[in-house]
Amino acid sequence: MDPNMPRWKQGRSQLAAFVWFGGCSAPALFGFTAQADENLFGYMNGAEPLPRGAPLLLGAMTLHRLDDNARCNVQDFAAQFEYGFTERIAGTLSLQSLGRDGCRAVHDKQSLTPSALGISTRYSVLSPARHAYGLALLTTVSYAWHSSVPDGADAVTVEERLALQRYLLDGQLILLANLSFSFESADAQTMTGLLGSGATYRFAPNWFAGAEMFYIHADGDENKRVLYGGPTLHYGAARWWSTLTWVADLYSSASNSEGVALSPSNQIRFKVGWNF
Amino acid sequence: MRTIPALIVAAPAALISASAFAAAYLTIPQAQSALFPDADRFVDATVHLSDEQLRRIKSLSGVRQRNSEQLVWRAERNGKLLGWVILDDVIGKHEFITYVAGLTPDGRVRGIEVLIYRETYGGEIREAQWRNHFRDKSLRDRFELDEDIPNITGATLSCRNVMQGVKKLLALHQVALLEMSP
């Protein structure tokens, strides 16, 4: 970072970078991708389809912390409504809100404010319970207005994601892999690739414990390569479920066009959903 | 981050209330009578499987037998063997699915009854229209989903695991019960 840059501007840059790291330029991190699966993981998607005529309401709260000695916290809440149109196709509407507190760049605390809308479709090519592998194709388009973020700009993001899933031990052990590409058009254009995987084991009726890991590579005005990983815990009942995931940046290399180092964040995500 | 402790505390509390929900549709005696209405008694014939028998069951059915002890009853009328009733559970999406299978002495499915099913989707698995597809199935059948047994939307894993569970019980019959049949 340029040592001659005013401290307030350093803070603004860091906050913008932090929010960007959190996912404004990467919808995968914010849960905008259609989640119409078992939601065994916080960030990785499964390939199980939502049944025809089945609605699902989902809320996902993600808490990010910026490691800049400022104890800057950003909260992201995504609400999604999903519906199974056919046995293979499901659609999702999403509303995302952002809030912050304790950030040195902006001294005012901001409560959760609507910041983005998204629409997703999921096409299930293969069912993991019927075939050796499950395969789903997920398409997401989101529009984010970043007026509440310093240095932010409105952005349209399109993401394509492949989700691969395999059941082992009669479904007691579940393996996932995700591959996605997203394109964001804002002040600058950004291409982001994501490769991730996860494994979870049903250690008791209703309970799954596992881990997920994903690597993000983005090119644009700001460049980053970051590897996230961490544990996840899932509980599923007949009509509702919840998932708690913590991921830490295991490796990161990122900077913006001015050479400013971008601080990655640790994230905690809590999801709860109702099948009704 | 201050909201995290509240979330962690709230989640288990909600789970406790949900755990009280259970859907037991039949008792074991009711299921036994439904499968063999002519029987006048059901005699405990619990099977203890050796490692070799467990291997043979896996080899015959392609499905692992998780427990070495299997609850089995002889369905009898006037001391004559009518068939076998076997209690089993298989993995559903989130919980175990508990069912009983009735097998004829020569190793054919007489019927199945679902005792406990608690998954979000696929309640049709309890209906006779679906369960009747198992009748007269034997180890010679392929047990392919959507060919031998129809799939139920939203409950593919449950359908597959019940279907494979029945196939496994037919293998168990051949390995451990056939020699006890007249």
Would you compute the distance between atom NZ of B:Lys93 and atom CD1 of A:Ile174 and round it to the nearest 0.5 angstrom? 7.5 Å
With sequence neighbours excluded, tell me which residues meet side chain to side chain donor-acceptor pair (under 3.5 Å) with B:Arg142. B:Glu147
First locate atom CG of B:Asn161, then atom CD of A:Gln172, and finally report the distance between them rounded to the nearest 0.5 Å. 10.5 Å
Is chain B contacted by the side chain of A:Arg202, its backbone, both, or neither, given a heavy-atom distance below 4.5 Å? side chain
Atom CZ of B:Arg135 with >12 non-hydrogen neighbours under 6.0 angstrom: no
Find the one option among B:Leu145, B:Leu157, B:Val90 whose heavy-atom pairs under 4.5 Å with chain A are most numerous. B:Leu157
Listed once per pair and sorted, the salt bridge (charged side-chain N to carboxylate O under 4.0 Å, His left out) pairs that draw on residues 164-178 of chain B, sequence neighbours left out: B:Asp88-B:Lys168
Does this structure show an ion pair linking B:Arg160 with A:Asp170, if we count only N-O contacts that are shorter than 4.0 Å? no
Atom CZ of B:Arg66 with >12 non-hydrogen neighbours under 6.0 angstrom: yes
Would the number of heavy atoms belonging to other residues, nucleotides or ligands and lying under 6.0 Å from CZ of B:Phe96 be above 12? yes
Looking at CD of A:Glu48 and OG1 of B:Thr156, how far apart are the two atoms once the value is rounded to the nearest 0.5 Å? 6.0 Å
Which of A:Arg239, A:Arg130, A:Arg52 touches chain B most, by non-hydrogen pairs under 4.5 Å: A:Arg130
Classify the ring geometry of A:Phe208 against B:His94: parallel below 30°, tilted from 30° to 60°, perpendicular beyond 60°. perpendicular
